[in-house]
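Basis for what follows: all heavy atoms, side chains included, without hydrogens, waters or symmetry-related copies. Just so you know, ligand 1 is whichever comes first in the structure, and atom 1 is the first atom listed for that ligand.
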Amino acid sequence: MSNTVDSNLKAIRYDRGNLDILDQLQLPTHTEYIPIKNTEDGWDAIKQMKVRGAPAIAIVGCLSMAVEIYHMEFQSHQEIADYVKDKLNYLVTARPTAVNMKEASDWISKMLQELTTDSDLSVHAFKELAIEAAEILFEDDVTINKDIGRHGAEHILNHCQDKDNVNILTHCNTGSLATAGYGTALGVIRALHEKNRIKHVYCTETRPYNQGARLTAYELVHENIPATLILDSMPAILMSHHDITAVVVGADRVVANGDTANKIGTIQIAIIAKHFKVPFYVACPLTTFDPSKESGKEIAIEERPHIEMTSIKGQRIAAHGIDCWNPAFDVTPAELITGGIVTEYGVFKPSEIKEKLTAKKMEKDKMNMNGQMRRRSSYSSFKTIDNGMIQQ
Ligand SMILES: CSC[C@H]1O[C@H](OP(=O)(O)O)[C@H](O)[C@@H]1O
């Protein structure tokens, strides 16, 4: 199975020392790539939503650190570890709700600090470790998304009546423009389409940034997936008039009890799906799981500028003087996620997500760290990291 994605749908272009992103504020009318030369550029692009989507935010943030330090000289391992930690913590502040950037910041910072005492590594080799850690996130993402797609498609097909005519409703954008490629919830749709099981996809416009109208519709049309754009106010009439097989959405943060933060409007769709007995799925990678928070009440919800509601492309559409409320996300309680949480490891009930994903998270962190160790040809002897200690 090819791991490449359609070059027209690449949100991120990277070679060591160089990073460009597709300016998603210009889509679908203009395709323009802009250079990201350092973490300040990365922070600005994430804040302004030139790049968005929980996984893409983490990838671009970490790669902006990688291109910055690539062109720098350092005197010691600790200087690199401290510099990288400061820059990654700064990138986390760009948008507070999606957890992927914080997860990546924590893992890379911890890995580097573990290795500061390793005298086998030259300062240059140590700097390369930091760059490679960011590259791992980028390189692994498409494979992870294809695993999410496969598990989600299999679960939907195993639990639906008409397996040859699957109708899916999705919200916001969770495709190649929200990840390194293929997508999460849109990855499930792509996997069903590859099996020739999709009858029709319905995507909401997703006001006020219009991720659905501008980005998801763009991806679906580009790949000839039969789809219809609907207003954010239409999920109820859609489910009352059409046989919707399942709702599949993405996530910005899934917490220990399975509550999920996702694009504003998600909880409304979940409530409507429950009323019409349509299975509601959340699709996300392990990096979106935050076991440190017990319930959705603890998730910080980003509020964005009012002008994003009151104007479109500089054209005012709301009365001057009206107050506005513009939360970018809402929290869907676990009991409304009736289909399950689709991950690269399988589909889990919200109630089992803490047990299933906490163990996977620890396993993956250790694997990534040891993978980093193996990548160091400069090591005189093979080392592994167990329980945080370097073993000869
Ligand atoms: C796989 S993207 C996950 C998530 O991110 C989007 O938010 P935004 O466009 O504001 O970054 C949306 O909530 C997607 O479901």
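Assignment of Y209 to the shell around ligand 1 is not supported, since no heavy atom sits closer than 4.0 Å. Ligand 1 lies less than 4.0 angstrom from a heavy atom belonging to R95.
Comparing heavy-atom distances from atom 7 (O) of ligand 1 across K263, E302, M49 singles out K263 as nearest. If you check each of A328, A251, G250 against atom 3 (C) of ligand 1, the one with the closest non-hydrogen atom is A251.
Side-chain contact annotation: N173 with R214, donor-acceptor N/O pair under 3.5 Å absent.
Against a heavy-atom cut-off of under 4.0 Å, A178 is close to the following atoms of ligand 1: 1 (C), 2 (S). Which parts of ligand 1 touch A54 is read off a 4.0 Å heavy-atom cut-off, strictly below it: atoms 2 (S), 3 (C), 5 (O). Each of the atoms 8 (P), 9 (O), 10 (O) of ligand 1 lies under 4.0 Å from some heavy atom of Q211.
On a distance-only criterion, T184 and ligand 1 share no N/O pair closer than 3.5 Å. Close N/O approach between G53 and ligand 1 is found [any backbone or side-chain N/O within under 3.5 Å]. An N or O contact shorter than 3.5 Å is missing between N173 and ligand 1 by distance.
Between F280 and V282, the closest heavy-atom pair is CE2-CG2, 4.0 Å.
Note on ring orientation: taking the six-membered ring where Trp is involved, the planes of H159 and H155 are parallel (angle under 30°, cut-offs 30° and 60°). Between F138 and Y14, the two ring planes are perpendicular [angle over 60°; tilted spans 30° to 60°].
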Exercise for the section: May I have the step-by-step check of side-chain hydrogen bond (donor to acceptor under 3.5 Å, both in side chains) for Q78 and D82, ending in yes or no? Expected result: CA-CA 6 Å; Q78 193 61 56; D82 293 344; 2.8 Å; yes
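Classification of K50 and E32 as a salt-bridged pair fails, no side-chain N sitting under 4.0 Å from a carboxylate O.
Looking from atom 5 (O) of ligand 1 to the surrounding protein, the closest heavy atom is D252 OD2, 3.0 Å. Atom 12 (C) of ligand 1 has its closest protein heavy atom at C172 SG, 3.4 Å. Nearest protein heavy-atom contact of atom 15 (O) of ligand 1 is N262 OD1, 2.5 Å.
Around CD of Q268, the count of heavy atoms belonging to other residues, nucleotides or ligands within 6.0 Å does not exceed 12. The neighbour count for K349 NZ, taken as heavy atoms of other residues, nucleotides or ligands under 6.0 Å away, does not exceed 12. Applying the 6.0 Å contact sphere to CD1 of I237 captures no more than 12 heavy atoms from other residues, nucleotides or ligands.
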